[in-house]
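Following: one structure in structure tokens, then a few remarks.
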Amino acid sequence: MAGLLLPAHMGAHLDAPGGLGRRTCRQCRHHGVEGGDVVCRRYPPQVTVVLVPQGAPRVGQLAPQPFATFPPVVPEHVCGEFAPGGEGR
């Protein structure tokens, strides 16, 4: 999260085992890799509807097409839904 400031007294234990600095998306068991992206699989995929052009005989018309994707995450960011066991999968 850009602009996140932590008090100096908290920084001493961020790298300690179990500290906030260790609970990244990469280390969480809910992370996965899809097409080169790291995604969070903690909750069901998000559905987005996109209007796509139609072929013949409906050229020029748009039809709704649903897409379901898991939200992409940055592996080094702190995981808000941390569950141990992501490394070594």
Side-chain angles (χ1 to χ4, degrees):
M1 174 186 304
L4 177 65
L5 297 175
L6 297 174
H9 70 280
M10 289 183 67
H13 36 135
L14 286 178
D15 292 326
L20 287 175
R22 306 281 300 167
R23 295 178 173 217
T24 63
C25 288
R26 183 183 310 277
Q27 296 168 319
C28 179
R29 73 176 175 172
H30 299 299
H31 92 277
V33 178
E34 290 183 2
D37 291 330
V38 177
V39 296
C40 180
R41 293 183 173 181
R42 172 68 174 96
Y43 296 102
Q46 300 171 346
V47 177
T48 304
V49 177
V50 178
L51 295 176
V52 295
Q54 296 295 292
R58 296 182 177 177
V59 175
Q61 294 181 359
L62 299 175
Q65 178 71 45
F67 291 95
T69 59
F70 290 99
V73 295
V74 177
E76 292 76 28
H77 281 185
V78 173
C79 176
E81 297 286 337
F82 186 77
E87 285 189 344
R89 295 190 330 163

What one should report as the nearest heavy-atom pair of A63 and Q54 is CB-NE2, 2.9 Å
L51 and P64, any side-chain heavy atoms less than 4.5 Å apart = yes
**Prompt:** Is the backbone N or O of R26 less than 3.5 Å from a side-chain atom of H31, with the two atoms forming a donor-acceptor pair by type?
**Reply:** yes
Would you check if V38 and P72 make a side-chain contact, meaning some heavy-atom pair closer than 4.5 Å? no
Scanning both residues in full, the closest heavy-atom pair of F70 with Y43 reads CE2-O, 3.3 Å
Rounding to 0.5 Å, atoms NE2 (H77) and SG (C28) come to a distance of 15.0 Å
CZ (R42) and SG (C79) are apart, to the nearest 0.5 Å, by 9.5 Å
Nearest heavy-atom contact between V52 and Q65 is CG2-CB, 3.9 Å
In terms of heavy-atom contacts, V78 and C25 come closest through O-SG, 4.5 Å
